[in-house]
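Note that this is a predicted model, so its numbers are computed, not measured. Just follow the structure's listing: the first ligand is 1, and inside any ligand the first atom is 1.
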Amino acid sequence: MTDASLSVMEPLNGEQEKVFDAFRRWGYLEADLDPLGFLPPVHHPELRLEGEAAREARRIYAGTIGVEFMHITDPDRRRWIQERMEATASEEDQAHILDQLIRADLFEQVLQQRYLGSKRFSLEGVTALIPLVDEIIESAGERGAVELVMGMSHRGRLNVIVHVAKRAPEEVFAGFEDVDPRSVLGSGDVKYHMGATGEYVTRSGAKVHIHLVSNPSHLEAVDPVTVGRTRAKQDRAGEDGWRKYLPLLVHGDAAFAGQGVVAETLNLADLRGYGVGGTVHIIANNLLGFTTLYSEEHSSRFSAQLARRQSIPIFHVNAEDVDAAVRVGRIALHYRYTFGSDVVVDLIGYRRHGHSEVDDPTVTQPLLYKAIKDHPPLWEIYAEDIGAENVQEQVDQVRAEFEAAQKQAGALTKKPTLRELPKYWDTYVGGRHKPEYEVNTGLSAAELQELTGPLTTYPSDFHIHSKVKKLLEQRADMGAGQRPVDYGMAEALAFASLVKAGIHVRLSGQDTRRGTFNQRHSLLLDVENEQEYVPLEHVAKGQARCEIYNSSLSEAGVLGFEYGYSRDYPEALVLWEAQFGDFANVAQAVIDQFVSAGEDKWALLSGLVLLLPHGYEGQGPEHSSARIERFLQLAARDNFQICQPSDAAQYFHLLRRQALRHWRKPLVVLTPKSMLRHPDASSSIEDFARESFLPVIGDTHVSDANRILICTGKIGHELRVERQKRGDTSTAIVFLEQIYPFPEAELVAAVEQHPSARDIVWVQEEPANMGALFYMLPRLRHLAGGRAILSVKRSASASPATGSAKAHEVEQKTLLTLAFTTKG
Ligand SMILES: Cc1ncc(C[n+]2csc(CCOP(=O)(O)OP(=O)(O)O)c2C)c(N)n1
Ligand SMILES: [Mg+2]
């Protein structure tokens with residue numbers, strides 16, 4: 001529907017306008033939305049109105065479309081929706097719609113007949129999803145979309161792969177045949193989670209690439225990932241990116257209401273670092289979640305009402321009025337392109353079978369399923385409504401097509417790949433680490449000095465905060481080699497060197513622009529007018545972008561987003577920073593399902609970096625531990641890297657290595673807190689010229705020690721201080737800087753520097769049931785060569801750390817003492 005075709009009614013008089021307003025506000029409550037009538041309308045007292053205007057308003061706002069839009073604060077947007085709702089409905093291409101409904105339902109039926117007892121999560125009951133999405137793609141194509149980036153869960157996914165992504169049906173049938181299982185032993189994923197890509201050609205001939213994002217079983221976890229992927233694609237495309245790349249999320253009704261990550265994702269919509277010019281949300285609403293009724297799923301009347309906190313419209317539509325669903329799809333899409341806003345379409349139908357096809361729903365919803373049993377398929381209802389002829393012939397022909405495709409699939413010996421990777425992945429590799437992937441990450445003093453200039457200067461008329469001024473002066477000294485370099489400066493130098501070399505850097509997290517520990521100050525603010533100045537954007541002419549954002553207070557949403565971004569920007573260094581490392585567990589599903597297992601399940605790579613502040617400093621059970629044990633338990637087949645750089649130069653090399661290598665692996669960095677500016681963890685400028693990150697730092701201060709302490713990060717520095725206090729000259733302290741993949745050869749070399757050593761002691765700050773202990777002991781035994789293996793750690797504990805700062809001190813002292821005294 002173009003604006004020109006809006007045929008608006010006669011102007012309303014004051015009285016009529018009032019009547020209409022009541023329906024605009026409350027009409028959706030009375031609307032006829034549930035095809036089976038199990039969701040009874042709510043009669044709002046303000047709608048007890050009779051007369052000509054009320055009849056007309058009721059037809060428009062309480063028919064098979066119910067729209068919630070009067071909460072939108074912008075009057076132009078309300079008027080825009082009102083005009084479209086009150087215009088005469090356009091005529092739809094009903095033959096095309098009927099064809100789609102037949103194909104969608106028959107596809108499910110052939111699967112049902114041929115693979116009885118397999119799960120497929122049929123779309124039947126909300127089959128209108130196919131023409132609805134079809135219309136969205138058609139309209140998006142008219143507005144310049146080149147790609148639809150789509151995230152969805154199980155329901156109707158196989159149908160979408162065939163009828164939206166346009167993959168050949170035999171490719172999906174092949175998934176049921178499970179051909180070639182040996183190729184995926186121990187890896188791969190089930191067919192209704194795999195991603196797919198395809199080409200959609202609109203009726204006007206526009207090509208829209210379809211990208212269905214791979215997703216885990218964890219409902220809605222794919223939402224922020226999809227939006228992050230879209231943002232990366234939009235950023236690659238430049239200014240008009242938001243028109244070219246359209247994100248579409250299909251949600252379940254139970255999941256939309258219940259999963260917090262939906263709210264986190266919606267909340268990103270209008271934030272500077274995360275906006276995508278609007279996401280189209282569709283709820284494939286069957287008023288059920290597995291065996292649970294809608295009334296048990298949300299405290300709101302509609303699942304969709306979670307979205308009410310935002311100033312965006314929600315269109316509810318009866319999934320058996322397919323013309324209405326198509327019309328809503330068109331309006332929703334048009335709204336997205338007009339206002340750059342999110343929009344929600346709540347497609348209300350039912351679920352033809354059990355949750356999966358092997359589940360019997362008559363046990364939990366006997367009356368509902370009695371009604372469903374006698375309810376005709378949607379194509380039959382639609383064909384009758386439009387008076388279509390020879391429908392049975394059409395149905396038979398489509399069935400025969402799918403049956404033939406099924407036979408073909410049975411003859412395949414190799415599983416087809418349902419997706420093609422974009423070109424920008426061509427030069428990157430995953431799999432096991434190989435030494436030849438390593439690159440030189442060092443920079444000379446002269447190069448660092450050159451980067452330091454722009455990092456420590458600002459325009460002459462800029463009114464800088466006195467504390468920041470002092471910090472920049474110190475950094476200038478660091479860059480000139482006149483003062484040891486701290487982590488904050490090391491990071492700035494790493495980022496500056498990368499953007500200068502044309503590598504885009506994107507970092508986000510809570511309070512990340514300044515840095516939780518006052519360590520970053522990536523943004524300078526003029527204290528008189530709050531003008532912003534970002535030195536990293538002024539490193540060199542023609543440099544790449546350096547984006548550093550304060551994120552919303554979300555972990556799952558933001559980490560999911562950044563993971564998604566890294567998936568479509570392999571050339572960039574993409575980082576997510578937790579405020580404290582322990583908060584990463586709020587994003588555990590993203591870590592388990594995507595960051596750790598994405599390559600294994602879907603052969604999809606990511607170079608995402610997680611910065612997790614970690615260290616026992618007496619701040620209590622929280623704020624101490626980034627739960628390294630959790631990451632180590634997930635580590636296998638070189639799926640990611642876990643590192644704890646013990647000084648500033650190591651951090652610098654680690655960041656550069658991650659960006660400059662073509663091996664794309666997620667990197668978990670345990671970052672310091674108190675050590676950020678500590679002289680012991682600062683580095684000399686010469687350390688930056690070294691060739692690479694050192695996975696292990698051996699001890700050269702002590703020769704031929706008889707005891708070797710092995711540790712990571714802060715405790716190592718404390719052990720050095722303790723050693724000095726004790727005047728000990730026979731204990732070596734070895735820093736394990738890369739914990740996974742395990743640098744065995746380097747560690748063996750560090751140990752063998754001390755041929756007389758009899759004891760190897762693993763020292764960690766964490767309790768015995770946490771930290772790297774369980775991971776290290778078998779590995780140390782393996783390389784010990786007959787030496788005793790001992791360990792020093794806090795007692796096993798249910799929480800990571802004590803709540804008392806004094807108790808912490810006592811514990812820490814004990815650890816240090818034991819490290820030097822414990823005996824096998
Ligand atoms: C985070 C999470 N919790 C629980 C489940 C198990 N589960 C799978 S589907 C489902 C019901 C989903 O209902 P809804 O969102 O309405 O989608 P529908 O299956 O009805 O299309 C549940 C509870 C899951 N997959 N993910
Ligand atoms: Mg449901």
Side-chain angles (χ1 to χ4, degrees), residues 33-36 38-39 104 108 119-130 132-133 150-160 189-194 214-225 249-265 281-307 316-319 344-361 363-365 368-369 372 555-557 559-560 585-594 597 601:
L33 297 173
D34 172 13
L36 300 179
F38 281 72
L39 178 74
E108 298 287 357
K119 291 185 195 180
R120 68 175 197 279
F121 300 105
S122 165
L123 185 62
E124 292 156 282
V126 282
T127 316
L129 180 74
I130 298 297
L132 167 62
V133 172
M150 194 171 173
M152 72 181 297
S153 61
H154 53 289
R155 178 80 46 217
R157 192 176 173 98
L158 301 176
N159 215 313
V160 162
D189 200 354
V190 294
K191 51 195 165 293
Y192 41 85
H193 290 162
M194 295 298 271
S214 302
N215 88 131
S217 183
H218 294 56
L219 294 168
E220 307 291 344
V222 78
D223 298 358
V225 175
L249 293 174
V250 180
H251 311 269
D253 52 308
F256 191 82
Q259 292 293 310
V261 72
V262 178
E264 291 184 31
T265 306
H281 300 267
I282 299 176
I283 302 176
N285 189 347
N286 48 27
L287 300 170
L288 275 175
F290 208 152
T291 66
T292 305
L293 274 181
Y294 70 88
S295 51
E296 300 169 293
E297 271 162 2
H298 37 88
S299 295
S300 49
R301 174 167 168 82
F302 294 101
S303 151
Q305 285 173 323
L306 170 76
H316 307 280
V317 60
N318 186 319
V344 180
V345 177
D346 182 19
L347 180 69
I348 303 180
Y350 61 95
R351 191 184 70 199
R352 165 76 57 192
H353 309 279
H355 171 60
S356 76
E357 291 62 35
V358 293
D359 195 73
D360 180 359
V363 177
T364 47
Q365 278 81 29
L368 175 62
Y369 276 85
I372 290 174
E555 284 80 22
L559 179 60
N585 62 12
V586 181
Q588 198 63 48
V590 178
I591 294 167
D592 291 352
Q593 268 53 48
F594 292 93
K601 293 191 290 187

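Ring geometry for His281 versus His251: interplanar angle under 30°, hence parallel rather than tilted (30 to 60°).
Proximity to Ser217 (heavy-atom distance under 4.0 Å) selects the following atoms of ligand 1: 24 (C), 25 (N), 26 (N). Close contacts between ligand 1 and Ala254 involve ligand atoms 13 (O), 14 (P), 15 (O), 16 (O) [criterion: under 4.0 Å to a heavy atom]. Shown in contact with Ala255 at under 4.0 Å from a heavy atom are these atoms of ligand 1, numbered in order with element: 15 (O).
Under the 3.5 Å distance criterion, with hydrogens and angles disregarded, a donor-acceptor pair is assigned to the side chains of Tyr369 and Arg351.
An N or O contact shorter than 3.5 Å is missing between Glu297 and ligand 1 by distance. For ligand 1, one of its N or O atoms has an N or O atom of Asn286 under 3.5 Å away. Ligand 1 has no nitrogen or oxygen under 3.5 angstrom from a nitrogen or oxygen of Gly289. The shortest N or O to N or O distance between His218 and ligand 1 is not under 3.5 Å.
A distance-only check finds no donor-acceptor pair linking the side chain of Glu108 to the backbone of Asn159 [under 3.5 Å].
Distances from ligand 1 to the non-hydrogen atoms of Gln259 include at least one value under 4.0 Å. The shortest separation from a heavy atom of His154 to ligand 1 is under 4.0 Å, placing the residue in contact.
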Legend entry - Pair Tyr350-Leu368, side chain to side chain contact (heavy atoms under 4.5 Å, CB included): steps then yes or no: CA-CA 9 Å; Tyr350 61 95; Leu368 175 62; 5.6 Å; no
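In summary, Asn286 places an N/O/S atom under 2.8 Å from the Mg ion (ligand 2), meeting the contact criterion. Between the Mg ion (ligand 2) and Gly252 there is no N/O/S contact shorter than 2.8 Å.
Among protein heavy atoms, atom 9 (S) of ligand 1 sits closest to His355 CE1, 3.1 Å. Distance from atom 4 (C) of ligand 1 to its nearest protein heavy atom, with residue and atom name: Leu219 CD1, 4.7 Å. Counting protein heavy atoms only, atom 11 (C) of ligand 1 is closest to Phe290 N, 3.6 Å. Protein heavy atom in closest approach to atom 21 (O) of ligand 1: Arg155 NE, 2.8 Å. Nearest protein neighbour of atom 17 (O) of ligand 1, counting heavy atoms only, is Gly252 CA, 3.7 Å.
Of the residues Leu132, Asn286, Asn285, the one that meets the side-chain contact (heavy atoms from CB on, under 4.5 Å) test with Leu347 is Leu132.
Of all the N, O or S atoms in Asp253, the one closest to the Mg ion (ligand 2) is OD1.
Distances from atom 16 (O) of ligand 1 to the heavy atoms of Val250, Val261, Asp253, Val126 put Asp253 nearest.
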